[in-house]
Engineer: 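Got a structure for you, questions after.
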Amino acid sequence: MTPQQDAGIDEAPDYADFPGGAKAALEAVLMVLDEPAGEEELAAGLGLTVAAVGTLLAELQREYNGYTGKAPEMESASNTGIGSSPRGFELRNIAGGWRIYSRAEFADIVGKYVLEGQTARLTQAALETLAVIAYRQPVSRARVSAIRGVNVDSVVRTLAQRGLIEDAGTDPESGAILYRTTSYFLERMGISSVEELPQLSPHLPGLDGIAEFYDAGTM
Amino acid sequence: MTPQQDAGIDEAPDYADFPGGAKAALEAVLMVLDEPAGEEELAAGLGLTVAAVGTLLAELQREYNGYTGKAPEMESASNTGIGSSPRGFELRNIAGGWRIYSRAEFADIVGKYVLEGQTARLTQAALETLAVIAYRQPVSRARVSAIRGVNVDSVVRTLAQRGLIEDAGTDPESGAILYRTTSYFLERMGISSVEELPQLSPHLPGLDGIAEFYDAGTM
Amino acid sequence: MAESKPGFEVRLANFTGPFDLLLGLIAKHQLDITEVAIATVTDEFIKYIRKLQQLGEEWALDEASEFLVIAATLLDLKAARLLPAGEVEDDEDIALLEARDLLFARLLQYKAFKQVAGILGETLHQEGRRFPRQVALEEHFAAMLPELVWKHTPQQFAALAEAALRPKTPEEPPRVALGHLHGSNVSVKEQARLLGLRLQQESPLTFRSLIADAGSTLVVVARFLALLELFRDRAVSFDQLSPLAELAIHWTAQGREWSAENLSEEYEEQL
């Protein structure tokens with residue numbers, strides 16, 4: 001299938017002339033990204049349709065993960081590396097964008113080379129605060145501390161410094177600063193939106209009314 | 001050939017247990033390496049001999065470039081993607097160091113992608129980060145991040161890319177990379193040394209208090 | 001987890017707040033809240049504090065005061081739980097029941113967040129094993145970047161640095177965090193002053209009469225804590241003929257200069 005030109009793109013290169021075609025061009029762009037890129041962004045940059053980019057991304061993802069089953073009728077025609085073993089890296093869709101990561105299995109080896117930027121494990125207090133903010137966002141510090149039963153000011157400050165949460169404006173009623181999680185948080189969690197967080201309800205047995213109950217209790 | 005242990009490495013992982021083996025492990029490292037790495041460095045980190053690393057590097061390089069000729073006697077045994085087309089990236093040995101680059105053929109496409117959305121101005125976040133580095137140099141990203149209250153990793157990368165700041169060695173205690181401003185920065189500021197920067201109010205906190213706060217940030 | 005060593009194995013420093021400790025204690029004792037023996041927990045706590053002292057560590061006032069709050073909460077929960085359900089007679093009983101439900105609900109909610117926090121922590125750890133490719137731009141691309149527009153004078157740049165380096169003023173006016181309360185601010189010190197005045201006029205008084213006019217459970221807890229503080233200051237003594245009998249409080253600070261101002265400030269933050 002020939003990639004079609006988007007209306008907004010002045011000219012799409014003819015990828016047939018390139019070694020590896022449009023897929024390799026996409027791969028070349030993925031190599032220079034320093035933050036996750038969305039499909040629209042990649043499509044616009046490459047002069048391809050979003051659908052075509054989506055197909056190519058999925059194909060690259062499968063290739064990097066290694067094909068295990070062989071499809072004999074395709075074998076001779078295909079040049080996508082069928083039957084190959086997994087690569088040392090993977091392509092993942094995280095926080096709404098695609099990006100190349102080293103494969104988790106090699107963490108100990110890769111970690112020796114990229115010590116910088118690796119963050120220490122969060123404390124229990126930080127994790128709990130982060131959890132409350134993630135599930136109740138946007139949320140004020142007062143509410144978070146109501147749920148946790150302790151003052152959370154310094155933990156909130158640290159989480160903001162680590163780029164995991166950010167200011168989300170003020171509460172129209174109380175004027176308190178509200179907090180939400182950042183896309184860096186999603187990235188660190190390896191998910192593309194907060195909707196992918198595990199459901200809270202199974203951990204809250206039979207407490208349907210708790211939100212109102214709780215709200216009535218806040219100042 | 002069994003990978004042999006280097007003298008300096010306490011134990012080499014058993015690569016047979018990893019998906020893709022030692023080659024994938026090497027690939028994982030190469031994919032996230034920011035600067036070219038020599039064969040000795042790679043061998044030490046992976047717990048392989050320099051010769052083994054050299055063989056694997058050559059193999060990866062051939063794979064990325066795409067095999068064109070088929071070697072029938074190897075075809076069934078090999079799982080290295082024989083007969084595959086070139087990838088969008090290539091492995092190059094420049095000045096004694098290996099690094100993965102986007103394939104030269106795609107330079108125009110990649111260049112256009114990179115330049116898209118690039119502005120000639122620094123963002124407010126970048127300016128503030130630069131100001132903190134200028135007045136507190138040499139300083140690590142962690143400290144700048146503590147002062148600014150947000151994660152500054154990508155901004156620091158942008159400033160380094162713009163030639164305004166550079167690596168100034170590592171902190172002897174934490175091992176973190178320290179940054180300082182460059183002579184290009186002085187040039188743009190129209191001054192001949194950082195001493196010529198206007199004095200700041202003496203009441204501003206120095207780094208000591210910040211460091212304490214950050215390290216005690218208990219995450 | 002904490003089963004291996006004797007003594008107060010629940011190290012308070014490892015808990016991140018009263019709910020956390022409460023959950024820990026309930027789980028540890030595998031008991032319904034009504035069966036948590038406060039005396040056992042107290043004994044363990046005292047043992048723990050003594051051990052700290054032997055080790056030459058600071059007498060942790062924070063831990064002790066937090067423990068008092070928790071003990072009071074436990075007592076409160078327990079008292080509410082022991083109320084025969086069929087015999088709700090007055091507003092006080094209903095208030096106690098409501099307080100109990102609220103506490104249980106909040107405890108369960110906290111438990112749920114604690115569980116998902118565990119999942120989050122595990123995910124973050126696992127994800128930390130993958131490293132993103134975020135390499136410096138290849139030189140020939142970096143060279144293509146448009147020349148930087150720079151309009152800042154050194155003075156403007158210094159002003160920028162001043163602003164960035166100035167300690168961030170707290171976004172909200174500084175105040176004691178009360179978010180975790182389900183009532184208004186109650187000061188232990190204030191309650192102590194009030195109890196002191198009352199006991200100086202008439203002594204002994206029963207605990208029941210001292211809390212008769214308490215508007216909420218929180219005030220009862222505050223007065224209870226205030227009495228403990230007064231006891232520590234040797235301003236009052238307690239007199240109880242048998243367990244669960246009427247508790248009589250005697251004022252023993254006669255002739256001595258006594259002021260609520262000397263009381264510890266800790267509770268101002270705790271309550």
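Convention: sequence-line order gives letters A, B, ...; per-chain numbering from 1.
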Engineer: Which residue out of B:Ser154, B:Gly20, B:Ala107, B:Ser102 racks up the most heavy-atom pairs below 4.5 Å with chain A?
Structural biologist: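 Option with the top pair count is B:Ser102.
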Engineer: Under 4.5 Å heavy-atom distance to chain B, tell me which part of A:Leu30 shows up: side chain, backbone, both or neither.
Structural biologist: neither
Engineer: Are a donor atom and an acceptor atom from the side chains of A:Arg87 and A:Asn65 found within less than 3.5 Å of each other?
Structural biologist: no
Engineer: Would you mind checking which part of A:Val32 comes under 4.5 Å of any heavy atom in chain B, side chain (CB onward), backbone (N, CA, C, O), both or neither?
Structural biologist: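 Side chain only.
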Engineer: For the residue pair A:Ser192 and A:Glu196, confirm or rule out a side-chain donor-acceptor distance under 3.5 Å.
Structural biologist: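 The answer is yes; a qualifying pair exists.
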Engineer: Can you tell which of A:Leu60, A:Ile165, A:Leu127, A:Leu42 has the highest number of heavy-atom pairs within less than 4.5 Å of chain B?
Structural biologist: A:Leu42
Engineer: Side chain, backbone, both or neither: which part of A:Glu41 has a heavy atom under 4.5 Å from chain B?
Structural biologist: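 Contact with chain B: backbone and side chain both.
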Engineer: Is a salt bridge present between A:Glu90 and A:Arg62, judged by a nitrogen-to-oxygen distance below 4.0 Å?
Structural biologist: no
Engineer: Angle between ring planes, A:Phe89 versus B:Phe89, binned at 30° and 60°: parallel, tilted or perpendicular?
Structural biologist: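 The arrangement is perpendicular - the two ring planes meet at more than 60°.
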Engineer: Can you confirm whether more than 12 heavy atoms, excluding those of B:Glu35, are under 6.0 Å from its CD atom?
Structural biologist: no
